[in-house]
Amino acid sequence: MKSQAIRQELDQARATGPLRQIVIPPCPEMLQRLQQAMQGPEPDLTEVARIAASDVAMSATLLRIANSPLHLADGMPCSAVGQAMTRLGLDETAAILTSFALRNAIPVNSPHLTRFWQRAAKRAHAMRYIARQLPGLSPDLAHTYGLFCHVGIPVLLQSVRGYGATMVEAGARIDRPYIATENANHKTDHAVVGALLARAWNLAPSLMAAIRLHHDFESLGDADIEPEIHTLVAAGLIAEHLMRRHEGLPEDADWASHHRRAMDWLHIDDEELDVWNEAVQDLLAEE
């Protein structure tokens, strides 16, 4: 299976290759507790509630989202974490806690990454919507993929001298993909490093593999790769495109070159994409 091969590739590169110098932040204890609480057919709601209430800033985040126009509707404002969890539901509560843990484990204080986490949250919301339109794709898994797929970028920025200049160069060049510039300058790229973090944090194997392959659109449909990985990668390209449209940004090179391959894998046409676009624009406008 491809995810097993990717795990072996990462382990080898970590032991003897260019990944030896990359500093992977430890998985937050709160995220480890959350993963354990969410495992199995019956999640531990009491433990999730304890986690949610264990940090003032985290509790405030839950309350702010639960009281946002997207969730408030005609209801009364929530004033307690338990009320917020009831309104949001377990899956969205867990997704918000995961986002909070990730953001605090990898602080971003660089002009190269302005609005990085805001964009990650938008991508995650778009992924959750897309997953709900597709049979068999977990919205929770899709949301987590949206958060984590570019996480290798801040890790590289914190670990590798000169990576900020590489970001500027990679963003400006039109003769080769972004990750090609990363590899030319540092012998690795943010897809590999993001997958390494997913491996170190014990995230789902399909999530780790999809992060590793999220710029490898030529592999879409490869029989050696698990279908769920293809679906995450294809949906991620759609989500990125819809997010860029919301931000008024032009189409990127990945979309121009590979959107038909992604749409074919997901079995959607231009009309359905337009419906998704309208829904996601409304969703992101409420954030």
Side-chain angles (χ1 to χ4, degrees), residues 25-106 117-118 120-149 151 197-208 210-211 228 231-232 235 239 279-280 283-284 286-287:
C27 182
E29 179 186 358
M30 184 273 282
L31 186 55
Q32 294 177 7
R33 289 172 57 197
L34 182 63
Q35 290 171 338
Q36 293 174 355
M38 294 296 291
Q39 286 176 351
E42 295 293 335
D44 186 342
L45 299 179
T46 302
E47 175 65 1
V48 175
R50 286 197 199 99
I51 295 167
S54 65
D55 183 279
V56 172
M58 188 160 51
S59 299
T61 298
L62 277 175
L63 288 166
R64 175 179 58 79
I65 295 173
N67 289 327
S68 69
L70 179 63
H71 295 285
L72 186 58
D74 296 327
M76 294 291 291
C78 296
S79 57
V81 168
Q83 294 174 329
M85 288 181 58
T86 299
R87 176 171 292 170
L88 294 168
L90 179 61
D91 287 342
E92 186 161 359
T93 295
I96 292 167
L97 297 181
T98 299
S99 177
F100 185 91
L102 177 61
R103 188 168 184 165
N104 283 273
I106 311 174
W117 293 121
Q118 290 90 333
K122 286 184 178 181
R123 188 183 306 105
H125 286 303
M127 283 292 295
R128 182 179 288 277
Y129 169 83
I130 292 171
R132 286 173 173 157
Q133 317 312 308
L134 299 172
L137 181 60
S138 161
D140 185 41
L141 183 70
H143 185 278
T144 305
Y145 173 79
L147 286 175
F148 277 82
C149 71
V151 74
L197 182 138
R199 169 99 168 97
W201 285 22
N202 198 33
L203 301 182
S206 60
L207 188 66
M208 174 203 67
I211 294 170
E228 185 174 61
T231 301
L232 283 170
V280 169
L283 175 67
L284 296 182
E286 294 176 340
E287 287 300 313

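Positions are given from 1 along the sequence. Worth knowing before you read on, the calculation uses all heavy atoms, side chains too, and leaves out hydrogens, waters and symmetry mates.
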Return the set of residues passing salt bridge (charged side-chain N to carboxylate O under 4.0 Å, His left out) with [X] (not counting sequence neighbours), or none when no residue passes.
{"X": "Arg50", "value": "Glu47"}
{"X": "Arg87", "value": "none"}
{"X": "Arg128", "value": "none"}

Sequence neighbours left out, what passes side chain to side chain donor-acceptor pair (under 3.5 Å) with Thr231? Give chain and number order.
->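 Thr231 satisfies side chain to side chain donor-acceptor pair (under 3.5 Å) with Trp265 once adjacent residues are dropped.
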
With Thr46, which residues qualify under side chain to side chain donor-acceptor pair (under 3.5 Å), at least two apart?
->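 Expected list: none.
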
How many angstroms lie between [atom1] in [X] and [atom2] in [Y], if you round to the nearest 0.5 Å?
{"X": "Leu283", "Y": "Lys122", "atom1": "CG", "atom2": "NZ", "answer": "11.0 Å"}
{"X": "Met30", "Y": "Ser54", "atom1": "CE", "atom2": "OG", "answer": "6.5 Å"}
{"X": "Gln35", "Y": "Leu97", "atom1": "CD", "atom2": "CG", "answer": "12.0 Å"}
{"X": "Leu207", "Y": "Asn202", "atom1": "CG", "atom2": "CG", "answer": "11.0 Å"}

Which atom pairs, donor and acceptor, lie under 3.5 Å between side-chain atoms of residues 129-142 and protein residues at least two apart or in another chain?
from	atom 1	to	atom 2	distance (Å)
Gln133	NE2	Tyr129	O	2.9
Ser138	OG	Asp140	N	3.3
Ser138	OG	Leu141	N	3.1

Partner set under side-chain contact (heavy atoms from CB on, under 4.5 Å) for [X], not counting sequence neighbours:
{"X": "Pro77", "result": "Asn67"}
{"X": "Ala121", "result": "none"}
{"X": "Pro205", "result": "Ser3, Arg7"}
{"X": "Gln118", "result": "Arg103, Arg115"}

Salt bridge (charged side-chain N to carboxylate O under 4.0 Å, His left out): which pairs involve residues 197-206, sequence neighbours left out?
->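 Checked against salt bridge (charged side-chain N to carboxylate O under 4.0 Å, His left out) - neighbours excluded - the pairs reaching residues 197-206 are Asp11-Arg199.
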
State whether the side chain of [X] and the backbone N or O of [Y] hold a donor-acceptor pair below 3.5 Å, judged by distance alone.
{"X": "Trp201", "Y": "Pro25", "answer": "yes"}
{"X": "Gln83", "Y": "Ala80", "answer": "yes"}
{"X": "Thr98", "Y": "Ala94", "answer": "yes"}

Under 3.5 Å, side-chain donor or acceptor atoms of residues 57-65 against the rest of the protein: list the pairs with distances, not counting sequence neighbours.
from	atom 1	to	atom 2	distance (Å)
Ser59	OG	Ala52	O	2.8
Ser59	OG	Asp55	O	3.1
Thr61	OG1	Ala57	O	2.9

Considering non-hydrogen atoms only, spot the tightest contact between Phe148 and Leu102 and give its length.
->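 The pair with the smallest heavy-atom distance is CE2-CD1, 3.6 Å.
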
Heavy-atom distance under 4.5 Å between the side chains of Leu90 and Met38, does that happen here?
->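 Side chain of Leu90 against side chain of Met38, heavy atoms only: contact under 4.5 Å found.
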
